[in-house]
Amino acid sequence: MPIKIHGNGREFHLYNHKISYIMTILRNGQLGHLYYGKAVRDQASFEHMLEIRIRSMAPCFYEGDREFSMEHIKQEYPSYGHGDMRCPAYDILQADGSRITEFVYESHCVREGKPALKGLPATYAEQAREASTLEITLKDAWIKTKLILTYTIYENLPVITRSARFICDHEDGVVLNQAMSASLDLPDSVFEMVELTGAWARERNVKTRRLEHGVQSVYSMRGCSSSNYNPFIALKRPDTGEHAGEVYGFSLVYSGNFLAQAEVDTYDVTRVMLGIHPHCFSWPLKKGEMFQTPEVVMVYSDSGLNGMSQTYHELYRSRLARGPWRDRARPILINNWEATYFDFDEEKILKLARTAKDVGVELFVLDDGWFGRRDDSRSSLGDWYPYRKKLPEGVAGIARRIEEMGLAFGLWIEPEMVNKDSDLYRAHPDWMLSAPGRSACHGRNQFVLDFSREEVVEYIYQMLRHVLDEAPVSYIKWDMNRCMSEVYSRAGRPEEQGMVFHRYILGVYSLYEKLIRRYPHILLESCASGGARFDPGMLYYAPQCWTSDDTDAVERLKIQYGTSMVYPLSSMGAHVSAVPNHQVLRTTPIETRANVACFGTFGYELDLNQLTEEELEKVRRQIAFMKENRDLIQFGTFYRLISPFEGRGNVTAWMVVSGDRKRALVGYYRILEPVNEGYRKIRLAGLEEGIRYHVSIQGGGYHGGFKEIDVYGDELLNFGLIVSDSSSGDNKEKYDGTNGDYQSRIYMLEA
Ligand code: DGJ
């Protein structure tokens, strides 16, 4: 078992052939951190790794001893107020007003496999031997409260997962005002912090900044994980790039308010912590009650950012996502949103579906507007029954008609929301989050239902059941179109209001779980105005997510490149939409739109009936290509090659390689046509040196004079693939469909 206990049960070494994680019980019984990084050989003791030396003026634990100061000791789950001056992992308000705590080692246990976290999403092990788990129980005797720190190491992945659990046994109870999922003290600060930032329609852009003394963080206090920051940070060495170098990734399996921060103290120790954002969080624990934090997934890579991402992809694709769709190539869909918006009726939908079927689409998704009396965003959220004016035979009727055409049928819902103009609101105005004596902000004309209340969740579930029991629905897109404000539950007591944000997310998870249990065959896609809840918590329930409302091919390069930092291609909803693009008014070739979208879960989101015959023929070929290659794309190994965030950002490239390395696809994208530029090639990745690959371009074409070649993997890895295609500037040059702006191509490599 890859967990060894040394030093009379005082040292813990979690290791596999890639990583080591070492901890020790300190002299005062608290838990100290010794090492996390590339695997080191196991040995009888690692005591020498603990550095303790006199620091003048430090608060010291033992009278007469000037060395032992918690301020200068690396720890596993630090507190504030009892020697350490840095940011704490938790905060407990006690009945006497004190916040001082002292959790000391009580016991530990090691077990095979990975226990589930009650009510929370988490990675899992399918077989016991895939992972080993260490639980360390610490106890604060004064407040009769236990703290259980859980660590899991996967046998074959450079992954450690962590979470914390508090159990109170004190008659007076305690109040948890902060409970991070994990804290880690790294011994130096020579790092850059990589984060995924943005906003609606420009989610998960990659930003990198040097760590400095003080606190640097990303966070959400929006009630969802948000499009502004993703619950992820990585600390990389300054010279770490995509293919080489050391990096630590931290990803929180949670969909609500979060904080991910790195604090560098003035002795250059870096303390990283992630968890539920402490602002507005306060969780009373009565005697006998417990609180479980969400899970943090830590990945170590010494093969650059691609190495880190590939580990996340593998873990999240196969041991976070669940259900029958986990390992299946995803259906090619058409979504009517950008084709019709709210303006549709049955005839329009069926006409679109017929053309979609004709070009090879497999799933029709009916988006917003099918319920209540929904003609625009001002009404009907909460009324989950069919809008008969648009769908005279209801959802069941249209779903059956679509199924008869040979297409699967999918449906959009937004179960957490309510419009004031709805039967639901009229019947239950107190089911909306809102604070007494305050006005309530709307977002897109809608308000947030109080999902912290079980009866609200159950009511929505029953309404959805009515629809889903009757209609043959095989896909659901679960949307969520606003951030939360006035987060106050009309059903909660004053001291419970600090629980609402988290309870709300637990309510969301419980509705997902109910739907999954009753309709296990349904493919779920999460969505929150595009990608405002693209997080690992959601992936546990919905194996794919609508990546962004921005469907422009150029913008999508950045969004998909950034998203791939953590999330697998099988999770990234990506569609070909109309031109001029509805978000940025840009006109890109249909080939480029498809070449970007096919690196994801592919679909169309436009009125196919507006396309010319020639364009429809292209769509047919794109779909045929995707059907042939989606297994490779969605389940192969993904490498980012050229970043749109670096240099002028004019070129982006990425590739995906099959498990046996016999096939690969390289996506190459060039935004503006350069003139008279230097020669250019890209060094590929992940190929087998000794395999001879036939290299061609999907769809053929001139592409700057590219000729099909047969070359060995080592040449493509070291010399590279020539991609020079700049215009010579000769005004006699003609546009041939593969030159000019917004060009792209997919190179196909076959052994
Ligand atoms: C936001 C989603 O991201 C869109 O795809 C679409 O479903 C709209 N909501 C519908 O209101």
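On a predicted model such as this, the values are computed, not experimentally measured, just so you know. Only heavy atoms go into these numbers, but all of them, side chains included; no hydrogens, no water, no symmetry mates. Both ligands and their constituent atoms are indexed starting at 1 by order of listing.
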> Just wondering, do Trp478 and Arg533 contact through their side chains at under 4.5 Å, heavy atoms?
Replying inline: yes
> Parallel, tilted or perpendicular: which fits the ring planes of Trp384 and Trp412, with parallel below 30° and perpendicular above 60°?
Replying inline: tilted
> Would you call the rings of His428 and Tyr459 parallel, tilted or perpendicular if under 30° counts as parallel and over 60° as perpendicular?
Replying inline: perpendicular
> So which protein residues pack against ligand 1 under 4.0 Å, heavy atoms counted?
Replying inline: Trp337, Asp367, Asp368, Trp412, Arg444, Lys477, Asp479, Asn481, Cys527, Ser529, Gly530, Trp546, Asp549
> Which pairs, with at least one residue in residues 548-573 and sequence neighbours excluded, count as a ring-ring contact (aromatic ring centres under 6.0 Å, His included)?
Replying inline: Phe534-Tyr567
> For the residue pair Tyr541 and Tyr512, does the interplanar ring angle fall in the parallel (under 30°), tilted (30 to 60°) or perpendicular (over 60°) class?
Replying inline: parallel
>> Could you check, using the six-membered ring where one of them is a Trp, whether Phe501 and Phe281 have ring centers closer than 6.0 angstrom?
In response: no
